[in-house]
There are 2 protein chains.
Amino acid sequence: MGLTEPDPTDEVLRALAEPRRRTILRLVAHDEMSAGEIAATFEVSRTAISQHVTVLKNAGLLTERRAGTRRLYRARPEGLAGIRAFLDEMWAGALDTARRLAEAERGLSDDVDAERTG
Amino acid sequence: MGLTEPDPTDEVLRALAEPRRRTILRLVAHDEMSAGEIAATFEVSRTAISQHVTVLKNAGLLTERRAGTRRLYRARPEGLAGIRAFLDEMWAGALDTARRLAEAERGLSDDVDAERTG
DNA sequence: GGCTAACGTTAGCAGCCACTGACACTCTTT
DNA sequence: AAAGAGTGTCAGTGGCTGCTAACGTTAGCC
């Protein structure tokens, strides 16, 4: 057990931090597509796309189904749950802080106004 | 003009695809912190953290405020709006498809049950 | 069994990225 | 103005990453 436990959030974000991989995800968000069909969409080699698909699969963002010699892929929305939670927490927390600060600043300029009018 | 326009979503995701940068974001989500204070949290050099901060700032995830010789940073939640939209779209779309498929499969196993009981 | 189609996998390479150390800059203090 | 504190910036380096080309593998067909 010398392996450091990999953070699932980290793997998902690294997988998403690549334009082509996001494009692949969008391609298979609704319709199931074969590896060849996906690769045909791009202008890079089929090998490159296969590697991207592997990354997405390992990150839990894709499901694979075999049909004959073909492999059909589809987006797996649950794979996004982790970073959605991360973002929501960050968003809510920071936004709440921002609101609190806005209030404080408003209070401050009220004081200034009072000083000016006083 | 010879520059290809950078996709803001891409920049944000690349910025988030780094554990230390996410840690920095969490650090300044609620409380404003100086560059030195942030750097003191980590065990890498101050230079490295300064570069991470620059990346986050360029991605629109951080605001900078100068106070004397110090520079105070705070998380900027609006910077996350883009990828939140991306994720919500992806989530909704794929989840809707998943539901549709589940219905279809349920219909299929209903047929099987009917066949079995028939 | 032999052949083909549709894939994944490996090796090797170029470019990028996170890191460090040295240097430059900007306030504040005296 | 000189000195020091607090930071950003630059150059260089090791490691990772996305790419291609060649090879290996599995399923269907003759």
Side-chain angles (χ1 to χ4, degrees), chain A residues 2-4 6-7 9-28 31-74 76, chain B residues 2-4 6-7 9-28 31-74 76:
Chain A
L3 293 172
T4 52
D7 180 7
T9 299
D10 190 64
E11 201 171 0
V12 172
L13 278 172
R14 285 216 326 261
L16 290 178
E18 227 289 357
R20 281 188 234 279
R21 286 200 282 263
R22 290 196 297 275
T23 303
I24 293 177
L25 270 189
R26 275 190 285 258
L27 278 177
V28 298
D31 307 310
E32 200 176 34
M33 285 181 71
S34 74
E37 288 170 343
I38 296 173
T41 304
F42 298 88
E43 292 189 340
V44 294
S45 76
R46 189 182 54 78
T47 302
I49 301 303
S50 179
Q51 286 164 346
H52 281 312
V53 166
T54 299
V55 170
L56 288 170
K57 206 172 52 183
N58 288 339
L61 294 173
L62 242 48
T63 63
E64 182 186 306
R65 180 173 73 90
R66 305 202 180 187
T69 70
R70 308 203 317 163
R71 303 197 181 186
L72 302 173
Y73 296 97
R74 193 194 301 279
R76 184 173 167 278
Chain B
L3 293 172
T4 53
D7 179 7
T9 299
D10 191 65
E11 201 171 2
V12 171
L13 278 172
R14 285 217 326 261
L16 289 179
E18 227 289 359
R20 282 189 231 281
R21 286 200 281 262
R22 290 196 298 276
T23 303
I24 293 176
L25 270 189
R26 274 189 286 258
L27 278 176
V28 298
D31 306 310
E32 201 176 33
M33 285 180 71
S34 74
E37 288 170 345
I38 296 174
T41 304
F42 298 88
E43 292 190 340
V44 294
S45 75
R46 189 182 54 78
T47 302
I49 301 303
S50 178
Q51 285 164 348
H52 281 312
V53 165
T54 299
V55 170
L56 289 170
K57 205 172 52 182
N58 287 340
L61 295 173
L62 241 47
T63 63
E64 180 186 307
R65 179 173 74 90
R66 306 202 180 186
T69 70
R70 309 204 315 163
R71 301 197 182 186
L72 302 173
Y73 295 98
R74 193 193 303 276
R76 182 172 168 278

| task | List the atom of B:Arg74, the atom of B:Asp31, and the distance in Å for their closest heavy-atom pair. | result | NH1-C, 4.3 Å

| said: Under the rule for side-chain contact (heavy atoms from CB on, under 4.5 Å), what residues qualify as partners of A:Thr41, not counting sequence neighbours? | reply: A:Leu27, A:Met33

| note | Note: contacts of residues 59-72 of chain B with DNA chain D (heavy atom, under 4.0 Å) are B:Thr69, B:Arg70, B:Arg71

| field | A:Ala17 to B:Leu13 - nearest heavy-atom pair and separation | value | CB-O, 3.8 Å

| Rounded to the Å, how far apart are B:Leu56 CG and C:dC17 P? | 14 Å

| What pairs with A:Arg65 under salt bridge (Lys or Arg N to Asp or Glu O under 4.0 Å), at least two apart in sequence or on another chain? | A:Glu32

| query | Rounded to whole angstroms, how far apart are CG on B:Leu16 and P on C:dA18? | reply | 12 Å

Check residues 46-60 of chain A and write down every donor-acceptor pair under 3.5 Å in which the side-chain atom is one partner and the other belongs to a residue at least two apart or another chain.
residue : atom : partner : partner atom : Å
A:His52 : ND1  : A:Arg21 : NH1          : 3.1
A:Thr54 : OG1  : A:Ser50 : O            : 3.0
A:Lys57 : NZ   : A:Glu64 : OE1          : 2.7
A:Asn58 : ND2  : A:Thr54 : O            : 3.4

| Trace of the side chain to side chain contact (heavy atoms under 4.5 Å, CB included) decision for A:Asp7 with B:Arg22 | CA-CA 12 Å; A:Asp7 180 7; B:Arg22 290 196 298 276; 4.0 Å; yes

| query | How is A:Tyr73 classified with respect to the nucleic acid when contacts are heavy atoms under 4.0 Å: base, sugar-phosphate, or nothing? | reply | sugar-phosphate

| said: A side-chain contact here means heavy atoms from C-beta on lying under 4.5 Å apart; do A:Leu16 and A:Leu25 qualify? | reply: yes

| remark: Residues passing the side-chain contact (heavy atoms from CB on, under 4.5 Å) test with A:Thr23, sequence neighbours excluded, are A:Arg26, A:Phe42

Atom pairs, N/O to N/O, protein against nucleotides 18-25 of chain D, distance under 3.5 Å?
residue : atom : partner : partner atom : Å
D:dG18  : OP1  : A:Arg21 : NH2          : 3.3
D:dG18  : OP2  : A:Arg21 : NH1          : 3.4
D:dC19  : OP1  : A:Arg20 : NE           : 2.6
D:dC19  : OP1  : A:Arg20 : NH2          : 3.0
D:dC19  : OP2  : A:His52 : NE2          : 2.4
D:dT20  : OP2  : A:Ser45 : N            : 2.8
D:dT20  : OP2  : A:Ser45 : OG           : 2.7
D:dT20  : O4   : A:Gln51 : NE2          : 3.4

